[in-house]
*Asks:* 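The structure follows.
For clarity, every value in this text was computed on a predicted model and none was experimentally measured. Side-chain atoms are counted along with the backbone in the values below, which use heavy atoms only and exclude waters and symmetry mates. Proteins get letters first, then strands, A, B, ... in listed order; numbering begins at 1 in each.
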There are 2 protein chains.
Amino acid sequence: MSSTPDLLFRTLADPTRRAIFERLCREGEQTVGALTTRSGVSQPAVSKHLGALKLAGLVRDRHEGRQTHYSAQPGALDPLIDWTSQMAGFWQNRLDALDDLLKRMDQ
Amino acid sequence: MSSTPDLLFRTLADPTRRAIFERLCREGEQTVGALTTRSGVSQPAVSKHLGALKLAGLVRDRHEGRQTHYSAQPGALDPLIDWTSQMAGFWQNRLDALDDLLKRMDQ
DNA sequence: TTGATTCATAACCCTACAGTTATGGGTAAG
DNA sequence: CTTACCCATAACTGTAGGGTTATGAATCAA
């Protein structure tokens, strides 16, 4: 059902890249120039990060004249949410099993 | 409230390390030797990954004789869950704002 | 047309880190 | 006591990838 979160984890692991994605989530659509401002890195670096984010399906790009607008892609984090709840579910199941065991030992 | 998910993302970005963590979640407590089996890498590599997972608070270790048992640490993924829902919340807010705008334009 | 602006790509450097083998400390077994 | 086993650490290597500068393609302005 849910696709592998591998690419998602690798893409979001870099702090600079994750910060760019967070800004797009918080403030909405941005041009590359706007994103470069206060990103702490050069414009080519930002472009590469945006390329990686796009490859992971985390952002969309929209060309308008000579500038490119990027925006966060809703739903792209779903595999991440699925994975975390699955992991959380596993130890929950074992806690339940332990609970059952204790109950059976009790009686 | 929620701590930075930076270390969590970096730690879970590696596929081998994430696979070890998944196994601990699915199958419960495991010794290093058991985890080395079918991990595809050497025992020292597994030990290093377990060290990294422990540093990120994702696993606990329990010493018993000459072997060390590792287990997934429940709740360690909470910052990750917080971060994702926060990001999801941001674009949800903007969708709501857009919705409001459209309603006001409509009347 | 010329010049300025915006972004993407190329080419390169350098560091972080995942992997390895070698080894030692601690514990159980003979 | 000696041997075998389990794990952690040290030391080293190779590579993936994030950073840079340089440059070109495309668009807008003068």
*Asks:* Taking only heavy atoms on the protein side, list every residue of residues 35-42 of chain B lying under 4.0 Å from any atom of DNA chain C, sorted numerically.
*Replies:* V41(B), S42(B)

*Asks:* Is there a path from V59(B) to V41(B) through hydrophobic residues (I, L, V, M, F, W, Y) whose side chains come within less than 4.5 Å of each other?
*Replies:*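 V59(B) clusters together with V41(B).
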
*Asks:* Quick check: on DNA chain D, is the nucleotide nearest R17(A) upstream (toward 5') of the one nearest G65(A), or the reverse? Name the residue that is more 5'.
*Replies:* R17(A)

*Asks:* Does a nitrogen or oxygen in the side chain of H49(B) sit under 4.0 Å from OP1 or OP2 of dG19(C)?
*Replies:* yes

*Asks:* Report, one pair per line, the protein and nucleotides 13-16 of chain C atoms (nitrogen or oxygen only) whose separation is under 3.5 Å.
*Replies:*
none

*Asks:* What one-letter contact string describes nucleotides 4-15 of chain D from 5' to 3', where B marks a base within less than 4.0 Å of any protein heavy atom, S marks contact via sugar-phosphate atoms alone, and - marks no contact?
*Replies:* BBSBBB------

*Asks:* From L50(A) CG over to T36(A) OG1, what is the distance, rounded to the nearest 0.5 angstrom?
*Replies:* 8.0 Å

*Asks:* Any idea which heavy atoms bring L24(B) and A72(B) closest together, and the distance?
*Replies:*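 In this case the closest contact between L24(B) and A72(B) is CB-N, 4.0 Å.
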
*Asks:* How close or far is atom P of dG17(D) from atom CG of D14(B), stated in whole angstroms?
*Replies:*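 So the CG-P distance, D14(B) to dG17(D), works out to 11 Å.
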
*Asks:* With E64(A), which of Q67(A), R62(A), R66(A) fulfils side chain to side chain donor-acceptor pair (under 3.5 Å)?
*Replies:*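 Looking at Q67(A), R62(A), R66(A), the match for E64(A) under the side chain to side chain donor-acceptor pair (under 3.5 Å) is R62(A).
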
*Asks:* Using the rule that Ile, Leu, Val, Met, Phe, Trp and Tyr join whenever any side-chain heavy atoms are under 4.5 Å apart, tell me whether L7(B) and F21(A) fall into a single cluster.
*Replies:* no

*Asks:* So how far is it from L8(B) CG to W83(B) CH2, rounded to the nearest 0.5 Å?
*Replies:*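 Here the rounded value is 11.5 Å.
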
*Asks:* CZ/R17(B) to CZ/R10(B) distance, rounded to the nearest 0.5 angstrom?
*Replies:*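 One gets 9.0 Å once the value is rounded to the nearest 0.5 Å.
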
*Asks:* So how far is it from L12(A) CG to M87(B) CE, rounded to the nearest 0.5 Å?
*Replies:* 10.0 Å

